[in-house]
Number of protein chains: 2
Amino acid sequence: MTNEALEQRLLKHQIKPTAMRMLVLNHLNKTSAAISLKALYDDFYPADRITLYRTLKIFEEKGLVHSIDDGSGAPKFALCEAACDVKEHNDSHIHFHCEKCNKTYCLQKFDIPDIHLPKRFIQKEVNLLVNGICDQCAA
Amino acid sequence: MTNEALEQRLLKHQIKPTAMRMLVLNHLNKTSAAISLKALYDDFYPADRITLYRTLKIFEEKGLVHSIDDGSGAPKFALCEAACDVKEHNDSHIHFHCEKCNKTYCLQKFDIPDIHLPKRFIQKEVNLLVNGICDQCAA
DNA sequence: AAAGGCTTGCAATGGTATTGCATTTTAAGC
DNA sequence: GCTTAAAATGCAATACCATTGCAAGCCTTT
């Protein structure tokens with residue numbers, strides 16, 4: 001992804017494109033798995049941890065990434081689908097956590113099936129986390 | 001639930017029935033919503049927090065309760081279905097978190113629908129968390 | 001060049017999970 | 001019942017992660 005493309009993507013989400021933010025966005029864009037703050041920190045060492053924290057925070061707030069809680073203790077982050085924006089997240093896909101390699105993937109193509117709830121329960125948002133073994137590790 | 005019944009239930013799960021454990025089990029049994037360690041601590045004050053922590057821990061390990069991560073930051077705990085035991089958890093139901101009252105319920109009667117995964121992904125365990133408004137709060 | 005606003009970096013705080021260890025309680029054998 | 005071993009409890013301490021406060025730096029606008 002070119003610098004211009006990165007910049008455009010940030011601007012589209014009303015995020016001021018700083019160097020740090022473009023680096024982080026580029027990094028997120030390159031990897032297929034979701035990434036934790038700690039992992040991001042390791043990859044960007046010796047960049048400041050708090051800055052990375054706030055970078056992810058604002059990305060999330062502006063609908064550029066969504067956070068995934070895969071039960072590993074710390075949330076992980078992954079780029080949103082194109083449909084997401086500042087006003088609304090729309091990440092209705094399955095999240096898969098591999099218990100072998102510990103990676104967490106957004107299965108963008110795999111929608112969450114319809115849910116049946118008891119009478120008078122109102123559904124707003126659904127999180128579906130599947131634990132198991134990913135294709136790489138199953139090989 | 002009688003003391004004998006509580007005791008039997010603990011023994012069935014290979015948990016030594018101490019006073020504390022029976023109290024906690026009774027408490028879990030009385031409430032329909034899942035409970036966090038902190039809330040349990042508040043309810044049992046001035047009992048020791050660590051003891052309660054370890055009580056929940058062993059309950060979980062022995063298949064008497066399961067933990068639910070509803071995104072509130074701290075896991076909550078609820079009694080397992082009767083089918084669970086020391087060897088295997090089997091809590092394949094929807095968890096519902098009400099954003100109004102912040103309570104989290106096990107919808108025992110509402111099974112998780114079948115999931116479609118990409119080729120060669122192996123599914124082991126599924127967590128389905130629905131956020132929304134519960135029947136009480138919707139009224 | 002000056003001023004204001006946003007970003008960054010460092011320090012500090014806060015909450016929760018977890019472990020170590022000494023003491024108490026429980027269960028078992030005699 | 002008494003003794004002893006194992007398990008549970010209570011307290012202190014540690015560790016981890018998220019989050020905030022504040023001062024310094026950067027960038028834009030005038």
Side-chain angles (χ1 to χ4, degrees), chain A residues 3 6-7 9-11 13-27 34-62 64-77 86 97 102 104, chain B residues 3-4 6-28 34-62 64-77 86 97 102 104:
Chain A
N3 274 353
L6 293 169
E7 212 170 307
R9 186 142 180 199
L10 288 172
L11 286 172
H13 289 268
Q14 304 178 9
I15 302 168
K16 195 178 288 187
T18 67
M20 188 82 251
R21 289 168 179 176
M22 287 170 66
L23 285 170
V24 171
L25 174 56
N26 191 44
H27 191 73
I35 190 171
S36 69
L37 173 61
K38 181 167 161 29
L40 191 67
Y41 181 49
D42 289 345
D43 292 343
F44 277 81
Y45 183 83
D48 185 63
R49 187 190 183 86
I50 312 301
T51 299
L52 292 168
Y53 166 74
R54 280 190 275 223
T55 299
L56 289 175
K57 216 58 181 168
I58 196 173
F59 280 12
E60 184 180 18
E61 187 186 318
K62 300 295 188 182
L64 186 54
V65 306
H66 59 285
S67 89
I68 306 159
D69 189 338
D70 63 5
S72 65
K76 291 179 178 166
F77 298 84
V86 180
H97 175 242
N102 256 304
T104 297
Chain B
N3 273 354
E4 286 73 29
L6 293 170
E7 210 170 310
Q8 284 311 311
R9 187 142 182 200
L10 289 172
L11 287 172
K12 198 178 117 189
H13 289 268
Q14 304 179 11
I15 301 168
K16 198 180 286 189
T18 67
M20 189 81 251
R21 288 169 178 177
M22 287 169 66
L23 285 171
V24 171
L25 174 56
N26 191 46
H27 192 72
L28 289 171
I35 189 170
S36 69
L37 173 60
K38 181 166 162 30
L40 191 67
Y41 181 49
D42 289 343
D43 292 344
F44 275 82
Y45 184 84
D48 184 65
R49 187 188 182 88
I50 312 302
T51 300
L52 293 169
Y53 165 75
R54 280 189 276 226
T55 300
L56 290 175
K57 215 62 178 160
I58 196 172
F59 279 12
E60 184 180 19
E61 186 186 320
K62 299 295 189 183
L64 185 55
V65 306
H66 59 287
S67 89
I68 306 160
D69 189 336
D70 63 5
S72 64
K76 291 180 181 168
F77 298 84
V86 181
H97 176 241
N102 255 305
T104 297

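Note on naming: letters A, B, ... go to the chains in the order of the sequence lines (proteins, then strands), and numbering restarts at 1 for each one.
- With sequence neighbours excluded, the residues forming a ring pair (Phe, Tyr, Trp, His ring centres under 6.0 Å) with B/F44 are B/H27, listed by chain and number.
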5' to 3', nucleotides 24-30 of chain D under a 4.0 Å protein heavy-atom cut-off (B base, S sugar-phosphate only, - none) gives -------

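- Straight-line distance from the OH atom of B/Y45 to the C1' atom of D/dC11: 14 Å, rounded to whole Å.
- Following rounding to the nearest Å, B/L56 (CG) and D/dA8 (P) show an atom-to-atom distance of 15 Å.
- Under the salt bridge (Lys or Arg N to Asp or Glu O under 4.0 Å) criterion, A/K57 pairs with no residue, sequence neighbours left out.
- A/Y41 places its OH atom 15 Å from the C1' atom of D/dA18, with the value rounded to the nearest Å.
- Judged as a side chain to side chain contact (heavy atoms under 4.5 Å, CB included), and not counting sequence neighbours, B/A74 has no contacts.
- Atom CG in B/L23 sits roughly 15 Å away from atom P in C/dT25 (whole-Å rounding).
- With a 4.5 Å cut-off on side-chain heavy atoms, B/L28 and B/L64 do not count as touching.
- Here the shortest heavy-atom pairing between B/K76 and B/S36 reads CG-N, 3.8 Å.
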Assign a letter to each nucleotide of nucleotides 8-18 of chain C from its 5' end: B, base within under 4.0 Å of a protein heavy atom; S, sugar-phosphate only; -, no contact.
SBBB----SSB

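- Rounded to a whole Å, the CE atom of B/M22 is 15 Å from the C1' atom of D/dA8.
- Between the C1' atom of D/dA18 and the CG atom of A/L52 lies a distance of 14 Å, rounded to the nearest Å.
- Among B/R21, B/H13, B/K16, the single residue meeting the side-chain contact (heavy atoms from CB on, under 4.5 Å) criterion with B/I58 is B/R21.
- In this entry the distance linking CG of B/L10 with P of D/dA8 reads 12 Å, nearest Å.
- In this structure, B/Y41 OH and B/T51 OG1 are separated by 10.5 Å, a value rounded to the nearest 0.5 Å.
- Every residue was checked against the ring pair (Phe, Tyr, Trp, His ring centres under 6.0 Å) condition with B/H97, not counting sequence neighbours, and none meets it.
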